[in-house]
Amino acid sequence: MTAIGASVILHFMTNITELHDISAVLRAIRVRLDLTQEQLAERLGVSFASINRWEGGAIKPQKAAQEAIAALAVEAGVDAAEPTEAAVRVIQRRKDKGRAVVPSTKPMEQMLWDAACSIRGEKDAAKFKDYLLPLLFLKRLSDVFDDEIERLVEEYGERDIALEIAESDHALLRFYLPPEARWGIISGRENYEWPTDDQGRSTQPRDIGEHLTKAVRAVARQNPSLSGVIDFVDFAAERNGERDINPAKLAAVIETFSDPRYRLGLADVQPDFLGRAYEYLLRKFAEGSGQSAGEFFTPTEVGFLMAHIMRPRPGEDCHDYACGSAGLLVKLQLVARELDPTSRVPLKLYGQELQAESYAVARMNGIIHDMEVEIERGDTMINPKFKTATGQIATHDIVVANPMWNQPFSPELFANDPFDRFRTQGGATTGKGDWAWLQHTLSCLNERGRAAVVLDTGAVTRGSGAKHEDRERNIRKWFVERDLIDGVILLPDNLFYNTSAAGVIVVLSKRKPETRKDKIVLLNASKRVGKGRPKNFIPEEDIRLTAAAFGKGEPVEGEVAVITLEEAEQADYNLSPSRWVGQTDAVSQRPIKEIIAEMQRLDEEAREIEASMAQMLARLQ
């Protein structure tokens with residue numbers, strides 16, 4: 001660059017100090033060069049999301065990015081002092097063409113899924129979620145680390161000094177990444193001199209698989225809170241002398257993730273934006289995981305429906321005792337922000353998860369969404385981890401959960417339950433553990449608590465009308481008599497990844513509003529469904545409509561019934577919405593007399609045909 005060119009760019013930069021100036025300049029560049037936001041992102045070597053946020057005035061580009069913008073503005077002939085007129089024209093052009101300005105996760109989602117499929121084809125992609133998710137997480141950590149180092153460079157002047165300061169005080173950073181774990185070195189774009197071991201031998205890995213394993217373990221050593229989160233998989237694992245993932249395929253994934261359009265730094269993607277892409281990957285993995293999918297993922301729309309029904313308020317204490325990937329807790333926070341966008345008080349999120357892989361995914365999910373989520377590992381039913389100082393189960397404002405359906409339950413194992421969750425709350429169940437989960441849920445609620453729990457549809461009907469004594473029915477009776485059941489929502493078929501059966505959301509409340517006392521809202525949402533492959537889904541517009549209908553708590557023909565506790569008793573505590581709310585199509589509803597008349601007509605026609613055939617056969621004899 002010539003001295004004149006450099007001085008022009010420097011002059012330009014001094015005139016675009018405010019967020020609105022940068023926003024206007026970016027729009028003016030797009031007018032002069034006739035670029036879309038995505039095309040401008042390619043020219044600047046940044047992500048589409050970064051351009052969108054800069055143009056929207058959400059964040060200011062870092063110094064290097066400002067220099068690139070200034071250089072491109074000079075090239076395009078934009079006047080730094082008066083870019084507003086051009087910016088107005090780009091807004092008008094956007095209106096004229098109807099161009100969407102909301103950032104889309106589609107390009108990133110496709111990149112992530114293509115990366116997964118590149119390992120061993122789409123059919124087997126889900127098998128590699130335990131490799132891909134930590135890799136995506138490492139890329140996010142590395143890009144954020146680079147951003148934070150650049151911030152220190154701007155403060156202290158030189159990168160070497162900034163790195164030295166960061167290495168001496170890790171508290172300056174969200175997470176400290178040792179050199180071998182930084183993406184530039186992993187991708188081969190930067191050189192790194194590997195140290196020698198105690199015997200003077202080089203520690204340089206043989207291939208990318210060994211490098212990644214060393215990298216994630218080094219990150220966990222430097223950041224103990226990430227132990228068991230990022231380092232739970234060995235990228236160089238072998239079976240029968242063969243690598244689980246071919247190093248060449250792994251290197252190709254690294255290269256895909258290194259595309260500058262998909263940079264994952266603080267200024268590149270908002271936590272919610274990256275979180276949606278991360279959830280997309282979880283959903284795609286769930287589609288191919290069969291029975292095991294239910295262990296870590298609840299369908300996105302079901303999670304949002306539960307969150308909208310709970311309507312979380314700032315600062316509330318929320319718990320999921322079978323949290324899987326922590327998706328239900330994350331959605332509570334997202335809905336809380338939507339309901340009160342001005343609040344800066346986050347929810348307090350707590351989850352427990354038994355499976356090591358799901359625990360790691362949950363921790364990563366919280367960090368990627370930039371949310372504080374406290375996750376503990378362990379068997380909730382045997383060893384609930386969140387307790388008070390006196391050893392009792394800690395209570396919360398909100399509980400959401402999708403525990404294992406129809407899980408075998410041994411009453412002998414909990415005959416002397418140290419937390420007294422069963423004996424005092426309707427008695428111990430037998431066979432299936434659905435109501436044991438609801439008894440545990442109740443123990444986790446404070447005096448004003450509310451809960452939404454996903455269960456098998458049989459949980460609200462089993463034992464009703466039986467001649468013999470049934471413990472599940474008796475527990476339902478206990479809950480109904482104490483007015484703890486706010487309602488039941490019947491979901492559409494084929495939503496869940498580990499079954500094609502419908503489920504129900506059982507809503508509990510320990511402090512019902514006056515208008516809902518001694519009543520149970522039963523909502524049949526089975527028709528609010530979109531057909532998909534391989535799974536159905538609840539359309540986005542129906543999520544809020546369903547939650548609003550439940551919240552309103554008034555009868556709606558063909559969808560919502562509101563019954564009294566006395567009516568529930570008369571039905572022997574059968575709380576299935578389909579028992580109370582009919583949704584038969586009008587064309588299939590016919591008077592009994594009409595059906596009988598048609599049957600008689602068909603019977604007569606059959607006799608006539610038989611007689612005709614008998615005559616024809618008689619002629620052949």
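- Smallest separation of non-hydrogen atoms from Val229 and Ala360: O-CB, 3.4 Å.
- More than 12 non-hydrogen atoms from other residues, nucleotides or ligands lie less than 6.0 angstrom from CD of Glu167.
- Enclosure of atom CD in Glu164 is not indicated, since only 12 or fewer non-hydrogen atoms of other residues, nucleotides or ligands lie within 6.0 angstrom.
- Within a 6.0 Å sphere centred on CZ of Arg151, other residues, nucleotides and ligands contribute more than 12 heavy atoms.
- Atom CZ of residue Phe496 and atom OG1 of residue Thr298 lie 6.5 Å apart, to the nearest 0.5 angstrom.
- The pair Arg159-Glu150 meets the salt-bridge criterion, since a charged nitrogen lies less than 4.0 angstrom from a carboxylate oxygen.
- Using bins of under 30°, 30° to 60° and over 60° for the plane-to-plane angle, the ring pair Tyr321/Trp437 lands in the parallel bin.
- A donor-acceptor pair under 3.5 Å links the side-chain atoms of Arg363 to the main chain of Ser225, judged by distance alone.
- The side-chain heavy atoms of Leu347 and Pro312, taken from C-beta on, include a pair separated by under 4.5 Å.
- Residues Gly265 and Asp143 approach most closely at N-CB, 3.5 Å, considering heavy atoms.
- When all heavy atoms of Val233 and Pro134 are compared, the closest pair comes out as CG1-CG, 4.2 Å.
- Side-chain atoms of Asp456 never come within 3.5 Å of backbone atoms of Trp405 as a donor-acceptor pair (strictly under, hydrogens ignored).
- Residues Phe235 and Val216 are in side-chain contact: their nearest non-hydrogen atoms beyond the backbone lie under 4.5 Å apart.
- Put simply, the side chain of Leu212 reaches to within 4.5 Å of the side chain of Leu138, judged on heavy atoms.
- The two residues Ala307 and Val335 make their nearest non-hydrogen contact at CB-CG2, 3.6 Å.
- Classification of Asp397 and Arg313 as a salt-bridged pair fails, no side-chain N sitting under 4.0 Å from a carboxylate O.
- At distances below 3.5 Å, not a single donor-acceptor pair connects side-chain atoms of Lys385 with backbone N or O atoms of Thr380.
- The number of heavy atoms from other shown groups lying within 6.0 Å of CZ (Arg189) is above 12.
- Classification of Arg544 and Glu338 as a salt-bridged pair holds, one side-chain N sitting under 4.0 Å from a carboxylate O.
- In terms of modelled atom types and a separation under 3.5 Å, the side chain of Asp160 and the main chain of Leu163 share no donor-acceptor contact.
- A pairwise comparison of heavy atoms in Pro403 and Ala322 identifies CA-CB, 4.1 Å as the closest pair.
- The shortest distance between side-chain heavy atoms of Pro384 and His440 falls below 4.5 Å.
- When all heavy atoms of Asp207 and Glu210 are compared, the closest pair comes out as OD1-N, 3.1 Å.
- For the pair Phe386 and Glu374, the minimum side-chain heavy-atom distance is below 4.5 Å.
- Between Phe257 and Tyr262, the ring center distance fails the sub-6.0 Å criterion.
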Please determine whether side-chain contact (heavy atoms from CB on, under 4.5 Å) holds for the pair Met306 and Val453, giving the CA-CA distance in whole Å, both sets of side-chain angles, and the decisive distance to 0.1 Å. CA-CA 8 Å; Met306 295 165 75; Val453 181; 5.9 Å; no

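- Put simply, the side chain of Arg182 gets close to the backbone of Leu177: a donor and an acceptor are under 3.5 Å apart.
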Verify side-chain contact (heavy atoms from CB on, under 4.5 Å) between Cys444 and Ile393, making sure each step is shown before the conclusion. CA-CA 6 Å; Cys444 294; Ile393 292 176; 3.9 Å; yes

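- The aromatic rings of His170 and Tyr176 sit parallel to each other, their planes meeting at less than 30°, with 60° as the upper class boundary.
- Although no hydrogens or angles enter the test, the distance criterion places a donor-acceptor pair under 3.5 Å between the side chain of Asp379 and the main chain of Ile382.
- Ion pairing of Arg263 with Asp147 is present here, as a side-chain N (NZ or NE/NH1/NH2) and a carboxylate O approach within less than 4.0 Å.
- Put simply, CD1 on Ile208 and CD on Glu255 are 10.5 Å apart, with the number rounded to the nearest 0.5 Å.
- Separation of atoms NZ (Lys535) and OG1 (Thr499) is listed at 6.5 Å; rounding is to 0.5 Å.
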Pair Glu376-Lys387, salt bridge (charged side-chain N to carboxylate O under 4.0 Å, His left out): steps then yes or no: CA-CA 12 Å; Glu376 295 286 346; Lys387 301 175 203 168; over 6 Å; no

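- Leu26 places a side-chain heavy atom less than 4.5 Å from the side chain of Ile69.
- For Glu158, the CD atom is loosely surrounded, since the number of other residues' heavy atoms within 6.0 Å does not exceed 12.
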Apply the test side-chain contact (heavy atoms from CB on, under 4.5 Å) to residues Arg450 and Glu316: give CA-CA distance (whole Å), side-chain angles for both, the deciding distance (0.1 Å), then the verdict. CA-CA 11 Å; Arg450 56 203 187 277; Glu316 284 196 307; 2.7 Å; yes

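- Remark: Lys331 NZ to Glu301 CD distance equals 9.5 Å, nearest 0.5 Å.
- A donor-acceptor contact shorter than 3.5 Å links the side chain of Gln66 to the backbone of Pro61.
- Remark: side-chain polar atoms of Glu180 are not paired, donor with acceptor, to backbone N or O of Ile185 under 3.5 angstrom.
- When side chains are defined from C-beta on, Gln333 counts as touching Pro346, because their heavy atoms get closer than 4.5 Å.
- Asp234 places a side-chain N or O within 3.5 Å of a backbone atom of Ala236 that can act as its donor or acceptor partner.
- Atoms CZ and CD1, from Arg528 and Ile543 in turn, are 11.0 Å apart once rounded to the nearest 0.5 Å.
- Judged purely by atom type and a 3.5 angstrom limit, Arg377 uses its side chain to pair as donor or acceptor with the backbone of Leu354.
- Interatomic distance, Met371 CE to Arg337 CZ, rounded to the nearest 0.5 Å: 4.0 Å.
- Residue Ile367 forms a side chain to side chain contact (heavy atoms under 4.5 Å, CB included) with just one option from Ile230, Val373, Leu226, and that option is Leu226.
- His319 and His396 have parallel rings, their planes meeting at less than 30° on a 0 to 90° scale where 60° marks the start of perpendicular.
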Verify side-chain contact (heavy atoms from CB on, under 4.5 Å) between Ile505 and Leu491, making sure each step is shown before the conclusion. CA-CA 8 Å; Ile505 300 174; Leu491 298 169; 4.0 Å; yes

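- Between Ile368 and Leu264 there is no side-chain heavy-atom pair separated by less than 4.5 Å.
- The environment of Asp169 atom CG is dense: over 12 non-hydrogen atoms of other residues, nucleotides or ligands sit within 6.0 angstrom.
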